[in-house]
Number of protein chains: 2
Amino acid sequence: MTVLEPEPLRSAEVALDDPATKRSAQLTKALGHPVRLAILKLLTQRDTCFCGDFTDVLPLAQSTVSQHLKVLKDAGIINGTSSGVRTCYCLNTEGVEELNECLESLSDMFKMTSRPDCC
Amino acid sequence: MTVLEPEPLRSAEVALDDPATKRSAQLTKALGHPVRLAILKLLTQRDTCFCGDFTDVLPLAQSTVSQHLKVLKDAGIINGTSSGVRTCYCLNTEGVEELNECLESLSDMFKMTSRPDCC
DNA sequence: ATATTTCATCGTAGTTTAACGATAAATAGT
DNA sequence: ACTATTTATCGTTAAACTACGATGAAATAT
C-alpha cells in the first residue's frame with residue numbers, strides 16, 4: 001500500500017473557481033471595448049438614453065449598437081426597458097455599485113509596496 | 001443657396017477616437033479573463049514568478065498559460081525577461097500605475113449622484 | 001387602415017480568442 | 001557530448017466577438 005502524497009496547494013486554481021473572480025472577469029470584459037466605454041460614458045452624462053441616441057452618436061449600424069447594449073445589460077451594468085416604441089436605457093445602480101467595488105478591489109490588489117521591477 | 005445646418009454634436013464619436021478610451025479598453029480587456037486575473041493576483045502575492053510557477057498552479061497547458069502571459073505583457077501590465085532557461089515575470093510598475101489610474105477614472109465616471117434607476 | 005418609426009433579433013462573414021499538442025531553441029545538468 | 005528542463009512559438013480547432021443588412025414586431029402617426 002502506497003503512502004498518499006499530500007496534494008500541493010493550488011491557490012490560483014481555487015481563485016479560478018471563485019465566483020468573485022469570474023464576476024470580476026465578466027465585468028472587466030464588458031468594459032473592454034471602446035464602444036461600450038463610450039456608451040457608458042454617455043449614460044453617466046445623460047442618465048437616460050434611447051437606443052437611437054446612441055446610434056445618432058456612434059459610427060455604427062443600429063444592430064451593432066444594440067448588440068453592445070445587450071452585452072452591458074447581460075453583465076448587469078445597465079437597464080433597458082421598452083417604453084412605447086422605444087427602449088430606455090440607463091445605468092443599473094446595483095450593477096454599477098458592484099462594478100465600483102470590483103474596480104476598487106482590483107486597484108487595491110495592485111497597490112504595491114513600491115518596489116522596482118524585478119525583471 | 002441653402003442655409004447650412006449646424007452639425008449635431010457627436011461627443012461619443014469623439015470618445016471613440018480618444019486614445020485614452022482605446023487604452024482603457026485595452027487594459028480592461030486584458031483583465032477580462034479569470035485566468036489572467038489569477039495570474040495577476042499571484043504576481044501581487046509573490047512578486048516574482050517563472051512561467052512554470054503559473055503552470056504548476058493553473059489547470060491549463062503550458063502553451064495556454066504562455067499565451068495569457070503574452071496578453072498581459074502586450075498590454076504593458078507585466079514584464080517578462082528570460083533569465084537562463086526560464087523567464088521571470090513580474091508586474092510592470094509603470095503599467096500598473098496606468099492601470100490604477102484607468103480603474104480610478106472609470107470609478108469616478110460611475111460615481112453617480114445617487115438617483116433611482118430610471119428604467 | 002396604412003404607413004412610419006424604433007428597436008431586437010436573425011443570419012452571415014470575417015476576425016479574434018482560447019485551448020491544445022508538437023516542436024524548436026536555449027540553458028543547465030550529467 | 002548528451003540529456004533534461006524550460007518556455008516561446010506554430011499549427012490547429014472550436015468558440016466567441018464584431019460588424020453588417022434584412023426582417024419582423026410593436027407602437028405611433030397619418
Side-chain angles (χ1 to χ4, degrees), chain A residues 12-13 15-17 21-22 25-40 42-43 46 48-75 77-90 118-119, chain B residues 12-13 15-17 21-22 25-40 42-43 46 48-75 77-90 118-119:
Chain A
E13 193 165 352
L16 282 188
D17 294 334
T21 301
K22 285 188 194 170
Q26 184 191 23
L27 286 170
T28 51
K29 188 176 180 179
L31 296 184
H33 192 290
V35 168
R36 291 195 289 269
L37 288 180
I39 287 173
L40 290 173
L42 210 59
L43 278 177
R46 307 187 29 185
T48 293
C49 289
F50 296 112
C51 180
D53 294 329
F54 300 114
T55 57
D56 285 348
V57 139
L58 294 165
L60 292 170
Q62 177 265 326
S63 55
T64 304
V65 172
S66 210
Q67 263 182 333
H68 283 296
L69 289 168
K70 182 164 162 47
V71 172
L72 293 171
K73 191 175 176 185
D74 287 347
I77 304 176
I78 68 175
N79 298 322
T81 310
S82 69
S83 105
V85 69
R86 311 201 210 178
T87 302
C88 170
Y89 285 98
C90 69
C118 62
C119 52
Chain B
E13 193 164 355
L16 281 189
D17 292 335
T21 301
K22 286 187 193 169
Q26 184 191 23
L27 286 170
T28 51
K29 187 176 181 182
L31 296 184
H33 192 290
V35 167
R36 291 196 288 271
L37 288 180
I39 287 173
L40 289 173
L42 210 59
L43 278 178
R46 307 189 25 185
T48 293
C49 289
F50 297 112
C51 180
D53 295 330
F54 299 115
T55 58
D56 285 348
V57 140
L58 295 165
L60 292 170
Q62 177 267 324
S63 55
T64 305
V65 172
S66 210
Q67 262 182 333
H68 283 296
L69 289 168
K70 183 165 160 47
V71 171
L72 293 171
K73 191 175 175 186
D74 287 347
I77 304 176
I78 67 175
N79 298 323
T81 311
S82 68
S83 106
V85 68
R86 312 201 209 176
T87 302
C88 170
Y89 285 98
C90 69
C118 61
C119 54

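The figures that follow rest on heavy atoms only: side chains count, while hydrogens, waters and symmetry mates do not.
What separates OH of A/Tyr89 from C1' of C/dC7 is a distance of 8 Å, to the nearest Å. The distance between atom CD1 of A/Ile39 and atom C1' of C/dC7, rounded to the nearest whole Å, is 14 Å. At whole-Å resolution of the value, CZ in A/Phe50 and P in C/dA8 are 12 Å apart.
With values rounded to the nearest 0.5 angstrom, A/Arg86 atom CZ is found 11.5 Å from A/Cys49 atom SG. Atoms CG and CG, from A/Asn79 and A/Leu43 in turn, are 10.0 Å apart once rounded to the nearest 0.5 Å. The line from CD of A/Gln62 to CG of A/Asp56 is 11.5 Å long, rounded to the nearest 0.5 Å.
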*Just by protein heavy atoms under 4.0 Å, how would nucleotides 16-30 of chain C read 5' to 3' in B, S and -?*
-SSBBBB---BBS--

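Of the nucleotides present, D/dA27 is the one that pairs with C/dT4 by Watson-Crick or G-U wobble criteria, both distances under 3.5 Å. The partner of C/dA22 is D/dT9, by the rule that a Watson-Crick or G-U pair needs both atom distances under 3.5 Å.
Judged by distance alone, with hydrogens and angles left aside, the side-chain atoms of A/Thr55 form a donor-acceptor pair with the main-chain N or O of A/Gly52 at under 3.5 Å. Checked by atom type and distance alone, the side chain of B/Arg36 pairs as donor or acceptor with a backbone atom of B/Ala30 at under 3.5 Å. Between the A/Asp74 side chain and the A/Val71 main chain, no donor and acceptor come within less than 3.5 Å of each other.
Using the six-membered ring where Trp is involved, A/Tyr89 and A/Phe54 have ring planes that are perpendicular, over 60° apart on the 30 and 60° scheme.
When all heavy atoms are compared, the tightest approach of A/Thr81 to B/Cys119 is OG1-C, 3.2 Å.
Taking every nucleotide of DNA chain D with any atom under 4.0 Å from a non-hydrogen atom of chain A, the first and last of them, 5' to 3', are D/dC17 to D/dT28.
Between A/Ile78 and A/Cys90, every side-chain heavy-atom pair lies at or beyond the 4.5 Å cut-off.
Within 90° of 0 lies the glycosidic angle of D/dA4, which makes this nucleotide syn.
Between A/Thr87 and the phosphate of C/dA8, there is a side-chain N or O to OP1/OP2 separation shorter than 4.0 Å.
As judged by a 4.0 angstrom heavy-atom cut-off over every strand, B/Phe54 is placed among residues making no nucleic acid contact.
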